[in-house]
A.B. asks: 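This structure is in structure tokens; I'll ask about it shortly.
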Amino acid sequence: MRRLLNLNWIRSFEASARHLSFTGAARELNMTQAGISQHIRLLEGQLRESLFHRLPRGLQLTDAGEAYLRVVRESFDHLTFGTAEIFGHGEEGLVTVRTNVAFATHWLAPRLAGFHAQFPAVALRLTAAVHGMDTVWEGVDLEIRYGHDHATGLSSQPITTDRLFPVCVPALAASLKEPRDLLGQRLIHVIGNRQGWTDWFAETGLRGVTFDQVLQTDTSAIGLELAAAGVGVALGHSSLVKPMIQAGRLVRLFDAEIDAQGPFYLVAPSDRPMRAEARSFKTWLLAEAGVEIEAKAPPKPGRGRKAARRSAALASKPARRKRAP
């Protein structure tokens, strides 16, 4: 039955049932009255049941037609709501942000309720960027990525300034008195990070050390959750680990820390205008991160329409790229 049903016939049936008129349905669907009538006859033949009583002045649904209309409307509603849920409530109000998984999990997620409270009409779609730099920007407004490496044709602005230091569960921390004690622990390493345990131990004065127990993962999000589960000790980014420390899930070990070579950046194509909804998300995100946004002064009185247009054009450009810390 699914293979044989013709959706055009069903669409003609639904419109005819709403209007109780083939003429009204034809006007709505930009078809002829004869075309609508033919669709209904074919559908009734397929179902082997009459859907309408043909009256001198319009139509009346049969009992079978009434029952079938409920099924059709529920199916159309389900399709409409499912499409909106997956693809957003229309492209105009949807902002697609491709984001580093750890940043989305530990930094962005705890703050998103504030964004929705401030911009209730903007729908967000978050997609994961796990490795490398995706050069496909079709359907993507903004990206949050880690590190300095950006392709040409992109505007970027740093969001965070990070330091790296060891973190673990409170129960384990009680037994660790000095950095050397970590050499006997399982150390969690994030594959692809430019800094790791060798750099941190060197900062403490322990150079050339070896460690036998290493657990590798490919995202900081997994690494921090492993540490919070008591599996081992992780090197945490200061911007990501703060909520977990505040919640008591993790504690910081020792004062030694190293610079994370590369903050998180907000990146967007520089060769196309940014939509208003995406600008709202960008403004909110940078404000949450405490990044100063360069504001353009409104045109002074008497400068005329040309000056006003020039000022508006400047205001719509991406913020000036700042030097990475």
A.B. asks: Measuring only between side-chain heavy atoms, which start at C-beta, is Leu224 closer than 4.5 Å to Val241?
C.D. replies: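 Leu224 vs Val241: side chains touch.
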A.B. asks: If you round to the nearest 0.5 Å, how far is OG1 of Thr217 from CD1 of Ile188?
C.D. replies: 8.5 Å
A.B. asks: Would you please say whether a donor-acceptor pair under 3.5 Å links the side chains of Thr127 and Arg98?
C.D. replies: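 The criterion, which ignores hydrogens and geometry beyond distance, is not satisfied for Arg98 and Thr127.
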A.B. asks: Hey, what do you get for OG (Ser220) to CD1 (Ile191), rounding to the nearest 0.5 Å?
C.D. replies: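 It is 11.5 Å, given to the nearest 0.5 Å.
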A.B. asks: Does a sphere of radius 6.0 Å around CG in Asp271 hold more than 12 heavy atoms from other residues, nucleotides or ligands, not counting ones at 6.0 Å or beyond?
C.D. replies: yes
A.B. asks: Heavy-atom distance under 4.5 Å between the side chains of Trp200 and Leu235, does that happen here?
C.D. replies: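 Of all side-chain heavy-atom pairs linking Leu235 with Trp200, at least one is under 4.5 Å.
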A.B. asks: Charged N to carboxylate O below 4.0 Å: is that the case for Glu225 and Arg249?
C.D. replies: yes
A.B. asks: Are Ile144 and Val267 packed together at the side-chain level, in the sense that at least one heavy-atom pair is separated by less than 4.5 angstrom?
C.D. replies: no
A.B. asks: Compute the ring centroids of His237 and Tyr146, then answer whether they are less than 6.0 Å apart.
C.D. replies: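 Yes, they do, as the ring centres are separated by less than 6.0 Å.
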A.B. asks: Taking the six-membered ring of Tyr265 (Phe, Tyr or Trp), confirm whether the NZ or CZ of Arg145 is under 6.0 Å from its centre and within 45° of its axis.
C.D. replies: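 That pair does not qualify as a cation-pi contact.
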A.B. asks: Taking side chain to side chain donor-acceptor pair (under 3.5 Å) as the criterion, tell me which of Gln38, Glu44, His39 meets it with Arg41.
C.D. replies: Gln38
A.B. asks: Let me see the working for Arg18 and Glu14 under salt bridge (Lys or Arg N to Asp or Glu O under 4.0 Å), right down to the final yes or no.
C.D. replies: CA-CA 6 Å; Arg18 275 190 289 109; Glu14 193 276 335; 2.7 Å; yes
A.B. asks: Check whether any side-chain heavy atom of Val95 lies under 4.5 Å from a side-chain heavy atom of Val97, and answer yes or no.
C.D. replies: yes
A.B. asks: Determine whether a donor-acceptor pair (N or O, by modelled atom type, separation under 3.5 Å) exists between the side chain of Thr204 and the backbone of Phe201.
C.D. replies: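 Judged by distance alone, yes, a pair lies under 3.5 Å.
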A.B. asks: Go through the structure and list residues passing ring-ring contact (aromatic ring centres under 6.0 Å, His included) with Phe281, not counting sequence neighbours.
C.D. replies: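 With neighbours one apart ignored, the set is Phe115, Trp284.
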A.B. asks: Looking at side-chain heavy atoms only, is the closest gap between Leu69 and Leu61 below 4.5 Å?
C.D. replies: yes
A.B. asks: With a 4.5 Å heavy-atom cut-off, do Pro269 and Arg272 have their side chains touching?
C.D. replies: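 They are in contact (side-chain heavy atoms under 4.5 Å apart), so the answer is yes.
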A.B. asks: Do Val214 and Arg186 have side-chain heavy atoms sitting under 4.5 Å apart?
C.D. replies: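 No, their side chains stay 4.5 Å or more apart.
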A.B. asks: I'd like to know if the side chain of Thr160 reaches the main chain of Phe264, judged simply by a donor and an acceptor atom lying under 3.5 Å from each other, with no hydrogens or angles considered.
C.D. replies: yes
A.B. asks: Under 6.0 Å from the CZ atom of Arg180, do we count more than 12 heavy atoms belonging to anything else shown?
C.D. replies: no
A.B. asks: Between Trp9 and Gln46, is any pair of side-chain heavy atoms under 4.5 Å apart?
C.D. replies: yes
